[in-house]
Amino acid sequence: MKFARWIGIVAATLLAGAVPAGAETILFVGNSFTFGANSPAWKYRPDTVTDLNGEGLGGVPALFKRFADQAGLDYQVSLETAGGRTLNWHWQNRRDRFDRAWDHVVLQEYSTLDPEKPGDPAGLVEGVRRLSALFAARNPKVDLRLMATWSRPDLVFQKPSPWKGKPIETMARDLRRAYDRAATVRPGTRVLPVGEGFNCAMARGVADANPYDGIAYNQAPLWSYDQYHASVYGYYLEALIVFAEITGRDPRTLGRDEASAIELGIGSDMAERLQAVAWEATRPGTRCR
């Protein structure tokens, strides 16, 4: 099994280097919040992206690829992910797999920033410092994005944490401030407002704000059964926000009958509503965050 896994990694690395002429390259580095754990997104269309670890994952990168293809955009998409890991872990253990030139890079930190000190941004800042230097050395013009993640209901409503008992939106806002701080490490780095997109979905009545008291009629459950990872609706919203920010395209143009929503069992009405939320969440000065 180890030999087969090694062969898969070598093959993925070689494929990642074979970029079609004219295609823009984009790399996703993160953990389960990027590869779509606990949802159908996890193994969604893995053949359309390059998993640099040879694990056959699709996740949010594959959703991004599906959106881009429908919009007539040419992206060569790769991912390097590992569940429960920080950006510093990726730099320490996996950088040989992605140490090359990329046009775009999306970095996603652990859900509480520091696993041992929830809310502490120091590790995030250091991870971004190390990785941004690596990517800029290969391509000084690399477009670097940091994916600010969502509030975790398990830490807000049940488990001890700095956010327990606070409004559900607070954790995402705190995480965004940490990512904004990390973005100052390299000029031009921008933050993807995924967690704030979740806040927008709740503020607009598209998603239920408290999964522990049931899901309201005609609202989406943004989180999986563990109230920690996202549901397929949450990952769909995440991918829409990434698509809007990276490409500059209005996600509403994908339409209510967008292909991946149909394939993942997301109804047309909900797909349309989530696309509208993604558009609003990525607009400057939006008030729903």
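T81 is linked by a side chain to side chain donor-acceptor pair (under 3.5 Å) to nothing, counting only residues two or more places apart in sequence or in another chain. The side-chain contact (heavy atoms from CB on, under 4.5 Å) check on D99 picks up L134, R138, with sequence neighbours excluded. Take Y110 and apply the ring-ring contact (aromatic ring centres under 6.0 Å, His included) test, not counting sequence neighbours, and it matches no residue. Looking at residues two or more places apart in sequence or on another chain, you find no side chain to side chain donor-acceptor pair (under 3.5 Å) involving D213. Residues passing the side-chain contact (heavy atoms from CB on, under 4.5 Å) test with D257 are I262, S268, sequence neighbours excluded. Looking at residues two or more places apart in sequence or on another chain, you find a ring-ring contact (aromatic ring centres under 6.0 Å, His included) between F243 and F67. W42 is linked by a ring-ring contact (aromatic ring centres under 6.0 Å, His included) to F35, counting only residues two or more places apart in sequence or in another chain. In this structure, A133 has no side-chain contact (heavy atoms from CB on, under 4.5 Å) partners at least two apart in sequence or on a different chain. Considering only residues two or more places apart in sequence or on other chains, Y75 meets the ring-ring contact (aromatic ring centres under 6.0 Å, His included) condition with F64, H104.
Note on residues 182-195: pairs passing side-chain hydrogen bond (donor to acceptor under 3.5 Å, both in side chains), not counting sequence neighbours, are R190-E245. Identified under the disulfide bond (SG atoms under 2.5 Å apart) test for residues 28-104, with sequence neighbours left out: none. Every pair passing disulfide bond (SG atoms under 2.5 Å apart) that includes a residue from residues 122-202 is listed here, sequence neighbours excluded: C200-C288.
A salt bridge does not link D69 with R66: none of the charged nitrogens is closer than 4.0 Å to a carboxylate oxygen. The pair R273-D269 does not count as a salt bridge, with every side-chain nitrogen at least 4.0 angstrom from each carboxylate oxygen.
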